[in-house]
Amino acid sequence: MKRTLLTAVLALAPMAGFAAEGERIQIKGEIIDTWCYYSGVMGGPDAVVGSAHHTCALWCSAGGIPVGLLGEDGQVYMVLKIEGDDSSASGDTQLKLASHVIEADGILYKRDGLNYLVVEEVVSDLGITNLNHEDYGPVPGFAIPKPKK
């Protein structure tokens, strides 16, 4: 029994060295749909945020695409979880906050050039403040497939 326990402890010991230290931060930014933001499938960065992309952001999150926070610093933070929800997509909180600008308190983890954020508290929800549907429509026109001739 002792040998089995010792083996298990030794097997896990190297993994403990890989645990990243988090840094508490306060951040403000928009909750975004990471798939459309990174892939460009629905247009450029200006078209996949705000009210123009709200409906798609809901569908992507409901379908399991993790949400991110586009900070005022222009960096994207992959949201690992938001207060009240243990997942990074499709939870009630993620759906409620899609395209909203929030102020959050949380823990930032950085690894391999990526930013990961655990939102411990949504300090304020400013709603959808980027009303770009007037520029792009509720779904960008270039994202609607053309009928085949």
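A quick note: this is a predicted structure, and the numbers were derived from the prediction, not measured.
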Quiz item: Quick one: OG on S51 to CG on L131, what's the gap to the nearest 0.5 Å?
Solution: 5.0 Å
Quiz item: Got a sec, which pairs hit side chain to side chain donor-acceptor pair (under 3.5 Å) with one end in residues 64-74, sequence neighbours left out?
Solution: D73-Y77
Compile the donor-acceptor pairs under 3.5 Å between side chains in residues 28-36 and protein atoms, sequence neighbours left out, one pair per line.
{"from": "E30", "atom 1": "OE2", "to": "G50", "atom 2": "N", "distance (Å)": "2.6"}
{"from": "D33", "atom 1": "OD1", "to": "W35", "atom 2": "N", "distance (Å)": "3.2"}
{"from": "D33", "atom 1": "OD1", "to": "C36", "atom 2": "N", "distance (Å)": "3.4"}
{"from": "D33", "atom 1": "OD2", "to": "H53", "atom 2": "NE2", "distance (Å)": "3.0"}
{"from": "T34", "atom 1": "OG1", "to": "P66", "atom 2": "O", "distance (Å)": "2.5"}

Self-check item: N/O donor-acceptor pair under 3.5 Å between N132 side chain and V49 backbone
Solution: yes
Quiz item: Rounded to the nearest 0.5 Å, how far apart are CG of L58 and NZ of K96?
Solution: 13.0 Å
Exercise. Locate the shortest heavy-atom distance separating L97 from V122; write the atom from each residue and the value.
Key: CD1-CG2, 4.0 Å
Quiz item: Where is the tightest heavy-atom contact between A47 and A52, given as atom of each residue plus distance?
Solution: O-CB, 4.1 Å
Quiz prompt | Rounded distance (nearest 0.5 Å) linking atom NZ of K110 with atom OH of Y116 | solution = 13.0 Å
Quiz item: Which residue pairs pass the side chain to side chain donor-acceptor pair (under 3.5 Å) test with at least one member in residues 100-109, sequence neighbours excluded?
Solution: R24-D105, Q26-D105, H100-D125, E103-S124
Quiz prompt | L95 backbone acceptor or donor facing S61 side chain under 3.5 Å | solution = no
Practice problem: Indicate the atoms forming the closest heavy-atom contact of D85 with D92, along with that distance. | Solution: OD2-N, 3.5 Å
Quiz item: Heavy-atom distance under 4.5 Å between the side chains of V76 and N115, does that happen here?
Solution: no
Quiz item: Could you state the interatomic distance from CE (M78) to CG (L114), rounded to the nearest 0.5 Å?
Solution: 8.0 Å
Self-check item: Shortest non-hydrogen contact from G43 toward V48
Solution: O-CG1, 3.9 Å
